[in-house]
Amino acid sequence: MNKVILLGRLTADPEVRYTQTGKTVTTFTLAINRPKAKDAETAEADFIRCQCWGTTAELVGNSFAKGKLMLCSGSLRSGSYEKDGKKIFTLDVN
């Protein structure tokens with residue numbers, strides 16, 4: 001089973017795009033706070049890239065903005081691409 005559930009805040013306004021076939025895709029990044037260590041002065045956060053498709057993508061693009069709290073569920077997807085001769089690995093929630 002590949003299921004991810006995240007609760008965090010949007011780091012920027014969601015970016016809505018359209019594929020060549022006309023499908024809507026929205027990408028965004030969630031800031032997820034880690035539990036604060038007892039001796040730490042500040043809490044740390046993880047930044048998770050997410051994307052959604054179709055009517056969900058349109059809803060997210062029209063209804064959410066930077067700083068809004070968002071509950072997101074989906075599946076974890078890995079990928080890779082080359083940049084400047086180096087292979088970059090990605091991990092996103094879809």
Side-chain angles (χ1 to χ4, degrees):
M1 175 180 268
N2 183 356
K3 181 85 171 175
V4 177
I5 300 172
L6 302 171
L7 178 64
R9 295 199 178 272
L10 288 166
T11 61
D13 291 344
E15 178 184 327
V16 180
R17 301 182 281 116
Y18 298 93
T19 65
Q20 292 178 347
T21 59
K23 292 182 183 178
T24 308
V25 59
T26 299
T27 56
F28 54 93
T29 301
L30 287 178
I32 313 293
N33 288 333
R34 291 183 186 174
K36 187 176 175 182
K38 292 179 184 177
D39 59 346
E41 291 184 25
T42 59
E44 294 183 9
D46 293 305
F47 297 90
I48 311 296
R49 292 182 351 170
C50 306
Q51 67 178 208
C52 51
W53 295 82
T55 54
T56 303
E58 292 175 9
L59 175 70
V60 169
N62 292 329
S63 303
F64 289 88
K66 179 181 178 176
K68 290 282 191 173
L69 190 63
M70 176 184 263
L71 179 65
C72 176
S73 69
S75 60
L76 205 55
R77 181 177 288 178
S78 62
S80 64
Y81 63 92
E82 283 201 28
K83 183 176 182 180
D84 299 329
K86 293 183 180 179
K87 194 163 194 170
I88 308 293
F89 293 95
T90 62
L91 198 57
D92 301 321
V93 174
N94 192 25

Linking I/L/V/M/F/W/Y whenever any side-chain heavy atoms sit under 4.5 Å apart, do Ile5 and Leu69 land together? yes
In this structure, would Val16 and Leu10 fall into the same cluster of hydrophobic residues linked by side-chain contacts under 4.5 Å? no
If you take all heavy atoms of Thr11 and Leu30, which pair is closest and at what distance? CG2-C, 4.4 Å
Single-linkage hydrophobic cluster Leu76~Ile32, side-chain heavy atoms < 4.5 angstrom: yes
Count I, L, V, M, F, W, Y as connected when their side-chain heavy atoms are under 4.5 Å apart, and connections chain through other members. Are Phe64 and Val25 then in the same cluster? no
What do the steps show when you test Asp46 against Arg34 for side-chain contact (heavy atoms from CB on, under 4.5 Å), and what is the final call? CA-CA 7 Å; Asp46 293 305; Arg34 291 183 186 174; 2.6 Å; yes
Could you pull out the closest heavy-atom pair between Ala57 and Thr26, with the gap in Å? O-OG1, 2.8 Å
Looking at Cys52 and Phe28, what are the two nearest heavy atoms and their distance? SG-CE2, 4.0 Å
If you measure from OG on Ser80 to CD1 on Ile88, what distance do you get to the nearest 0.5 Å? 9.5 Å
Same cluster (ILVMFWY, side-chain, under 4.5 Å), Val4 and Leu91: yes
Search all heavy atoms of Arg9 against all heavy atoms of Gly67 and return the closest pair with its distance. NH1-O, 2.9 Å
Using 0.5 Å steps for rounding, measure from the CE atom of Met1 to the OG atom of Ser75. 11.5 Å
Closest approach of Pro14 to Gly61 (non-hydrogen atoms, all atoms of both residues): CB-CA, 4.4 Å
Pairwise salt bridge (Lys or Arg N to Asp or Glu O under 4.0 Å) hits with a residue in residues 60-78, at least two apart: none
